[in-house]
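Contents: one structure, followed by commentary.
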Amino acid sequence: TALQSASGGSLDCQGHTISSNGESIVDLLGVYDFTIQDCNFEGSPTTKGIVANGSDRLRVINSQFTDVLVAMAFADMDDVTVTGNTMSAATLSSIFMQGAFLRNAISSDNTVTLNGAGSVGYSIDNSDTLTSTRDTVTAAQAIFLDKVDNYGILNGGFGGIYDPTIEMHQSSGTLGF
């Protein structure tokens, strides 16, 4: 499902399921001030849940992602809020939130359980101001940050099956568990 002219709108699934075996379930291209909530996204080991590019003020709230390769893939966005979501997958290299060139991303109260040997909870690069609060992530690697300025990872439960649980390159910020 591609949404291109849905600025100022929302996708409220009211607990219903959207499934796809394609490349992605929801594509947002240049959409502003948009909310996705109460959705159950089901995919395949090659499907991405939500793909958003150039879409500012996006909120993903209280949704579930099951058996997708990547729950959320964001690029070139400002003001992203991801809260109260759940992801579970056994895919080899699943990722909960993948981001590049993000500014002001907030993640809170999410529960992520990824059982694949190459899975990563958060994979964020070239971004500014990432805040993660009360997230619980179990994955091969909980957090991977590359060139992220002003991150804050606070009061979370992060468990990595392999070392290191948190890996950072050329990044600056605060860790507080």
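The first residue in the sequence is number 1, and the count goes up from there.
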Between Thr47 (side chain only) and Ser24 (backbone N and O only), is there a donor and an acceptor less than 3.5 Å apart? no
Is there a donor-acceptor contact under 3.5 Å linking the side chains of Asn110 and Asn85? yes
Apply side chain to side chain donor-acceptor pair (under 3.5 Å) to Asp76 and list each qualifying residue two or more places apart in sequence or on a separate chain. Arg103
Does the side chain of Val82 reach to within under 4.5 Å of the side chain of Ile106, using non-hydrogen atoms? no
Can you tell me how far the CG atom of Asn104 sits from the CG atom of Asp128, to the nearest 0.5 Å? 7.0 Å
Mind checking ring-ring contact (aromatic ring centres under 6.0 Å, His included) for Phe41 and listing every partner two or more places apart, or none if nothing turns up? Phe65
Spell out, yes or no, whether Met72 and Val26 are grouped together once hydrophobic residues are joined by side-chain heavy atoms under 4.5 Å, including indirect joins. yes
On a heavy-atom basis, which atom in Phe74 and which in Val80 lie closest, and how many Å separate them? CE1-CG1, 3.6 Å
State, without any angle test, whether Asn62 and Gln37 hold a side-chain donor-acceptor pair at a distance under 3.5 Å. no
Could you state the interatomic distance from OH (Tyr32) to CG (Asp79), rounded to the nearest 0.5 Å? 12.0 Å
To the nearest 0.5 Å, tell me how far Leu145 CG sits from Asp125 CG. 9.5 Å
Spacing of CZ belonging to Phe34 relative to CG belonging to Asp56, to within rounding of 0.5 Å: 14.0 Å
Return yes if a side-chain donor-acceptor contact under 3.5 Å exists between Thr83 and Ser108, otherwise no. yes
Are His16 and Asn40 side-chain neighbours, meaning at least one heavy-atom pair lies under 4.5 Å? no
If I compare all heavy atoms of Gly54 with all of Met77, which pair ends up nearest, and what's the gap? N-CG, 3.9 Å
How about Leu28 and Ile36: do any of their side-chain heavy atoms sit closer than 4.5 Å? yes
Report whether Val51 and Val68 are members of the same hydrophobic cluster (ILVMFWY, side-chain heavy atoms less than 4.5 Å apart, transitive linking). no
Looking at every non-hydrogen atom in both residues, tell me the closest pair between Ala52 and Leu58 and how far apart they are. CB-CD2, 4.0 Å
Could you walk me through whether Asp33 and Arg59 pass the salt bridge (charged side-chain N to carboxylate O under 4.0 Å, His left out) check? CA-CA 8 Å; Asp33 196 24; Arg59 294 162 301 282; 3.1 Å; yes
Answer with yes or no whether the side chains of Ser107 and Tyr122 bring together a donor and an acceptor at under 3.5 Å. yes
Quick check: closest heavy atoms across Gly22 and Ser20, and the distance to 0.1 Å? N-OG, 2.9 Å
Here the pair of heavy atoms bringing Gly121 nearest to Ala139 is N-CB, 3.8 Å
Working to the nearest 0.5 Å, report the span between SG of Cys39 and CD1 of Ile61. 10.5 Å
Using a distance-only test with no angle check, is there a side-chain donor-acceptor pair under 3.5 angstrom linking Thr46 and Ser44? yes
Looking at side-chain heavy atoms only, is the closest gap between Asp135 and Val112 below 4.5 Å? no
Going from CG on Leu11 to OG on Ser63, what distance comes out if it is rounded to the nearest 0.5 angstrom? 8.0 Å
For Ile18 and Ile25, which heavy atoms make the closest approach, and how far apart are they? CG2-CG2, 3.3 Å
Does any part of the side chain of Glu42, heavy atoms only, come nearer than 4.5 Å to the side chain of Thr17, both counted from C-beta? yes
